[in-house]
Amino acid sequence: MAAAPGTVGVVGGGRMGAGIAQSFATAGSAVVVVESGEEAAAAALERVATGLRRAAERGRLEEPAERVLARVTTVTAVEDLPADADLVVEAVPEDPALKARLLAAVEKAVGESTVLATNTSSLSVTELGTALARPERFLGMHFFNPVPASALVELVVAGRTAGDTVRTALEWVRALGKKDVVVRDSPGFASSRLGVALGLEAIRMVEEGVAEPEAIDAAMSLGYKHPMGPLRLTDLVGLDVRLAIAEYLHGTLGERFAPPELLREKVARGELGRKTGRGFYTWED
Ligand SMILES: NC(=O)c1ccc[n+]([C@@H]2O[C@H](COP(=O)([O-])OP(=O)(O)OC[C@H]3O[C@@H](n4cnc5c(N)ncnc54)[C@H](O)[C@@H]3O)[C@@H](O)[C@H]2O)c1
């Protein structure tokens with residue numbers, strides 16, 4: 001069994017950051033979560049506690065949830081991260097300026113051997129690394145939602161990431177009990193690029209009246225054994241999130257990622273998927 005990092009910092013304890021903190025704490029790491037203030041820090045810790053309680057109820061923890069939670073602490077400034085952290089994962093909102101600023105501040109707060117990672121789902125990892133003095137210790141660690149239950153971490157090798165950094169990150173992914181895919185830094189990596197391509201084509205098919213959403217989804221879930229169809233998945237991810245990624249991929253990879261008009265219209269109407277009760281489906285819960 002690969003060894004988990006001794007100490008991990010997580011910057012941003014939202015949906016993804018809390019899941020990342022929970023996963024490393026469960027694997028035995030001491031985890032320090034950085035949030036933007038006291039209230040946000042308490043909310044982040046509560047998210048981790050809730051996640052651990054759920055994992056315990058499902059029989060997925062080998063030790064009591066409280067003991068795992070005791071390994072998680074919070075601070076409200078990156079300057080308070082432990083200098084001897086083995087790894088710091090950035091999981092703040094998808095804003096390149098915010099991410100670059102925080103990563104540069106983290107680098108100043110930690111030691112030379114600390115690995116820095118970003119959980120960005122689509123931004124250029126190479127560009128985020130230009131603000132760093134040690135870009136060879138920086139890579140993308142793209143976790144999936146919900147982190148504790150998902151099997152995959154996509155490791156994104158930026159232009160200046162060292163081979164040794166990738167090998168160390170691979171060990172840590174295995175210590176979490178997850179599988180890795182290693183991809184070269186390029187727009188949308190492997191997962192978002194393929195997932196969005198399928199989702200956009202499914203939306204164009206609705207637009208052209210090829211079939212109803214249920215039928216298009218069934219074609220993929222029953223015919224191709226996808227765990228769920230591309231339109232249902234778009235509803236779960238959020239149509240606004242999908243539109244933002246499509247616009248980015250359109251700008252970087254070209255016309256084949258042009259967002260369909262129907263997606264723009266739905267977002268403009270506030271039909272964002274499950275979170276607003278309506279997307280390609282109606283959500284009652
Ligand atoms: N949600 C997903 O399905 C998903 C999947 C993969 C990757 N991602 C990526 O993960 C990142 C985080 O996404 P999320 O869904 O967890 O967002 P989120 O909004 O749930 O969490 C972001 C957190 O960052 C905190 N934050 C903001 N500014 C901060 C600062 N200056 N210092 C410390 N904390 C700060 C916020 O308080 C919030 O708790 C994004 O880059 C996103 O693209 C998201």
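Owing to the predicted nature of the structure, the values given are computational and were not obtained by experimental measurement. When a ligand or atom number is given, it counts from 1 through the structure's own listing order.
His142 counts as a contact of ligand 1, since one of its heavy atoms falls under 4.0 Å from the ligand.
Between Glu46 and Arg53, at least one side-chain N (NZ, or NE/NH1/NH2) sits under 4.0 Å from a carboxylate O, which counts as a salt bridge.
Between the side chains of Glu94 and Thr120, at least one donor N or O lies within less than 3.5 Å of an accepting N or O. A donor-acceptor contact closer than 3.5 angstrom is absent between the side chains of Asp86 and Thr7.
Counting atoms of ligand 1 from 1 in the listed order, those under 4.0 Å from a heavy atom of Gly12 are 24 (O), 25 (C), 34 (N). Ligand-side atoms of ligand 1 in range of Lys99: 40 (C), 41 (O), range being under 4.0 angstrom from any heavy atom. With ligand atoms numbered from 1 in the order given, ligand 1 contributes 33 (C), 34 (N) to contacts under 4.0 Å with heavy atoms of Val34.
Contacts between Leu102 and ligand 1 below 4.0 angstrom, taking non-hydrogen atoms only, involve the side chain exclusively. In Val92, the parts holding a heavy atom less than 4.0 Å from any atom of ligand 1 are both the side chain and the backbone. Contacts of Phe144 with ligand 1, taken as heavy-atom pairs under 4.0 Å, are absent altogether.
A cation-pi arrangement is found for Lys266 relative to Phe280, the charged atom lying closer than 6.0 Å to the ring centre and inside a 45° cone about the ring normal.
Shortest contact from atom 41 (O) of ligand 1 to any protein heavy atom: Glu94 OE1, 2.5 Å. Counting protein heavy atoms only, atom 3 (O) of ligand 1 is closest to Asn145 CB, 3.3 Å. For atom 9 (C) of ligand 1, the closest non-hydrogen atom of the protein is Asn119 O, 3.3 Å. Of the protein's non-hydrogen atoms, Met16 SD, 3.7 Å is the one closest to atom 2 (C) of ligand 1. Looking only at heavy atoms of the protein, atom 28 (N) of ligand 1 is closest to Leu98 CD2, 4.1 Å. Ranking the protein heavy atoms by distance from atom 12 (C) of ligand 1 puts Ala91 O, 3.3 Å first. In terms of protein heavy atoms, atom 20 (O) of ligand 1 is closest to Arg15 N, 3.0 Å. In this structure, atom 38 (C) of ligand 1 lies nearest to the protein heavy atom Glu35 OE2, 3.4 Å.
The minimum heavy-atom distance between Gly270 and Thr276, with the atom names listed, is O-OG1, 3.2 Å. Heavy-atom minimum distance, Arg204 versus Ala258: NH1-O, 3.1 Å.
Considering each of Pro93, Gly13, Ser121, Ala105, the one bringing a non-hydrogen atom nearest atom 22 (C) of ligand 1 is Pro93.
Leu139 pairs in a side chain to side chain contact (heavy atoms under 4.5 Å, CB included) with only one of the listed residues (Val156, Val115, Val157), which is Val115. With Arg264 as the fixed residue, the salt bridge (charged side-chain N to carboxylate O under 4.0 Å, His left out) test singles out one of Glu247, Glu207, Glu271: Glu247. Tested against Met141, the residues Thr118, Leu155, Asp180 include a single side chain to side chain contact (heavy atoms under 4.5 Å, CB included) partner, Leu155.
With a 4.5 Å cut-off on side-chain heavy atoms, Val106 and Glu90 do not count as touching.
No close placement of the Tyr248 and His250 rings is indicated, their centers lying 6.0 Å or farther apart.
Shown here, atom 17 (O) of ligand 1 is out of close reach of the protein: none of its heavy atoms lies under 4.0 Å off.
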